There are 2 protein chains.
Amino acid sequence: MARTTGSHSDITGPRVRAAALQLFARHGYAAVSMRQIAREVGVQAGALYNYTPDKQTLLFELMKTHMEELLEASSVRKSIEPLEALDEFTQLHLNFHAERPDEVFIAYMELRNLGPDNFAIIERMRRRYEDQLEAILRAGVEGKVFQVADTKVATMAVIAMLTGVNTWFREGGRLSLEEVGKIYTDMVRNAVGA
Amino acid sequence: MARTTGSHSDITGPRVRAAALQLFARHGYAAVSMRQIAREVGVQAGALYNYTPDKQTLLFELMKTHMEELLEASSVRKSIEPLEALDEFTQLHLNFHAERPDEVFIAYMELRNLGPDNFAIIERMRRRYEDQLEAILRAGVEGKVFQVADTKVATMAVIAMLTGVNTWFREGGRLSLEEVGKIYTDMVRNAVGA
DNA sequence: AAGTTAACTGAACGCTTGTTCCTTTAAAAC
DNA sequence: GTTTTAAAGGAACAAGCGTTCAGTTAACTT
């Protein structure tokens with residue numbers, strides 16, 4: 001047998017990425033084999049190499065796509081007041097990350113499995129995201145509407161706090177995402193002395 | 001050759017754990033082989049099995065020891081006022097985690113590589129730690145000294161915020177651990193409306 | 001209807017994996 | 001000084017790894 005009925009690059013390509021995403025998130029990059037991914041897609045391992053040059057690039061592309069989407073989603077913010085910008089950042093971070101638990105998990109956990117060049121690229125994108133929050137905090141400090149001892153530290157603290165939601169939040173649990181959003185909006189405001 | 005000059009169980013045992021700890025933290029459990037660990041210790045792979053029944057147990061014991069130490073260090077807290085208890089919790093968490101970056105990394109990242117039984121044990125210990133902070137927050141809410149909408153959510157938020165320090169803090173960097181401690185004490189207080 | 005191409009199979013490559021086991025040797029016990 | 005024992009060596013096991021590639025077939029082009 002070879003080419004199977006209804007086989008198409010436009011279909012299999014995304015399915016490869018989807019399977020890799022789920023398996024990497026669930027078991028970790030190093031613990032997942034190309035044969036496992038292939039089995040999930042319903043294809044032989046060799047066929048995967050029509051869609052990625054190697055396993056490492058498959059991981060990198062998943063992370064890169066995720067970071068690109070994050071940067072695009074967050075950079076549309078107009079120039080508004082610091083407090084409003086902070087609330088908006090909180091909501092965006094929460095919603096964006098809640099919709100993509102697998103991507104977020106990978107982006108945080110599999111950095112060490114990237115080669116040095118790929119690592120540097122992803123790291124740069126993450127820095128760009130952090131810089132957006134820091135700019136908001138700095139504007140707020142200048143305008144005397146926030147009180148933080150160190151904007152860089154506050155940036156890291158707020159992002160860690162927000163991203164931590166992904167470790168426990170589950171749709172259909174005790175709280176809705178909207179309720180969680182309200183609670184965190186307040187806590188973030190308080191944390192930066194707003 | 002077999003037993004080498006100066007070989008001792010009391011020496012090799014800890015060295016095996018130390019090597020595993022460092023390698024697991026650096027490259028991830030799944031990416032590290034028993035032969036790598038053995039090479040680091042200066043021993044053949046087979047000799048490792050004098051010190052652990054298998055690779056999985058080696059990981060589990062590292063995590064279990066870490067959690068036991070964390071629980072012991074944090075449970076000595078006497079009955080004091082909520083605000084003082086909160087500050088003390090912040091300091092203890094920061095110091096304890098700053099001293100053990102490898103252990104912390106593993107405890108957070110390698111949970112998925114534990115078998116179901118081992119996972120349940122570690123998870124229970126983590127819950128016990130979280131419960132300590134939640135008790136403090138609840139006492140503070142009852143005494144009207146904290147204002148939080150949801151103590152469980154606040155607990156997770158504060159712990160995520162504090163643990164996040166390990167992703168960027170390095171001894172000898174721009175800020176000392178003491179300075180970071182002061183900043184976080186304030187931010188944590190603010191976050192819970194103290 | 002014939003020819004071309006994209007998609008996939010299936011086998012093979014050399015290597016590494018966790019773990020077991022018998023042997024050898026240094027240290028401890030007597 | 002002899003015997004016992006603990007510690008490590010080193011080879012072997014089957015299984016799995018990422019990756020390559022020649023061969024096969026369905027789908028598209030003309």
Side-chain angles (χ1 to χ4, degrees), chain A residues 1-24 26-63 106 110 112-115 117-118, chain B residues 1-24 26-63 106 110 112-115 117-118:
Chain A
M1 269 173 289
R3 185 168 191 172
T4 55
T5 314
S7 70
H8 268 299
S9 179
D10 349 359
I11 295 173
T12 309
R15 289 192 58 203
V16 169
R17 285 188 287 276
L21 179 73
Q22 195 181 111
L23 288 170
F24 288 165
R26 194 134 32 233
H27 309 293
Y29 171 78
V32 171
S33 71
M34 293 300 268
R35 281 171 241 268
Q36 266 177 77
I37 299 171
R39 196 180 318 134
E40 192 78 10
V41 176
V43 112
Q44 291 290 329
L48 298 180
Y49 290 83
N50 291 322
Y51 304 99
T52 182
D54 48 38
K55 192 188 174 191
Q56 155 87 203
T57 305
L58 187 51
L59 172 65
F60 171 66
E61 289 295 336
L62 289 173
M63 296 176 69
I106 289 176
E110 305 295 354
R112 61 184 166 191
N113 287 308
L114 292 176
D117 293 356
N118 288 342
Chain B
M1 273 172 286
R3 185 169 189 169
T4 56
T5 313
S7 68
H8 268 299
S9 179
D10 349 359
I11 295 172
T12 311
R15 290 192 58 203
V16 168
R17 285 187 287 276
L21 180 73
Q22 192 181 112
L23 288 169
F24 287 166
R26 202 151 3 250
H27 308 293
Y29 171 78
V32 172
S33 72
M34 294 300 268
R35 284 172 180 78
Q36 267 177 77
I37 298 171
R39 196 180 316 132
E40 192 79 9
V41 176
V43 113
Q44 290 289 333
L48 298 181
Y49 290 84
N50 291 322
Y51 305 97
T52 181
D54 49 39
K55 191 187 177 191
Q56 154 87 204
T57 305
L58 187 52
L59 172 65
F60 171 66
E61 289 295 336
L62 288 173
M63 296 177 69
I106 289 176
E110 305 295 357
R112 60 184 167 192
N113 288 307
L114 293 176
D117 293 356
N118 288 342

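Since the structure is predicted, the reported quantities are computational estimates derived from the model, not experimental observations. Order of the sequence lines fixes the chain letters, A, B, ..., with proteins taken first and strands second; residue numbering starts at 1 for each chain.
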Short side-chain N/O contact to D:dG16 OP1/OP2 from A:Ser33, under 4.0 Å: no
Check for a donor-acceptor pair, side chain of B:Gln56 on one end and backbone N or O of B:Gly115 on the other, with a separation under 3.5 Å. yes
I need the CD1-P distance between B:Ile37 and C:dT19, as an integer number of Å. 10 Å
Return the minimal non-hydrogen interatomic distance between A:Met63 and A:Ile106, and the atom names on each side. CG-CG2, 3.8 Å
Nearest listed nucleotide, side chain of B:Tyr51, among D:dA7, C:dT17, D:dG9: D:dA7
Counting only N and O atoms by type, is there a donor-acceptor contact under 3.5 Å from the side chain of B:Glu40 to the main-chain atoms of B:Val16? no
So, the side chain of B:Glu110 versus the backbone of B:Tyr29: is there a donor-acceptor pair under 3.5 Å, distance only? yes
Round to a whole Å and report the spacing from NZ of A:Lys55 to C1' of D:dT20. 17 Å
It should be established whether A:Thr12 places a side-chain nitrogen or oxygen under 4.0 Å from OP1 or OP2 of nucleotide C:dC8. yes
Less than 4.0 angstrom between a side-chain N/O of A:Gln44 and OP1 or OP2 of C:dG10, yes or no? yes
Donor-acceptor pair (no angle test) under 3.5 Å: A:Arg35 side chain, D:dG18 base: yes
Measure from CG on A:Asp10 to P on D:dA27 and round the result to the nearest Å. 13 Å
Whole angstrom is fine here: how far is it from CE in B:Met34 over to P in C:dT19? 6 Å
Value in whole Å for how far the C1' atom of D:dG10 lies from OH of B:Tyr49: 15 Å
B:Asp54 has an atom CG; how far is it from atom P of C:dT19, in whole Å? 5 Å
Rounding to a whole Å, what distance do you find between A:Asn50:CG and C:dT5:P? 16 Å
To the nearest Å, give me how far apart CZ (B:Arg15) and P (D:dA7) are. 15 Å
What's A:Val32 touching, base or sugar-phosphate or nothing? Going by heavy atoms closer than 4.0 Å. sugar-phosphate
Work out which heavy atom in B:Arg15 is nearest to a heavy atom in B:Val41; give both atom names and the distance. NH2-O, 3.0 Å
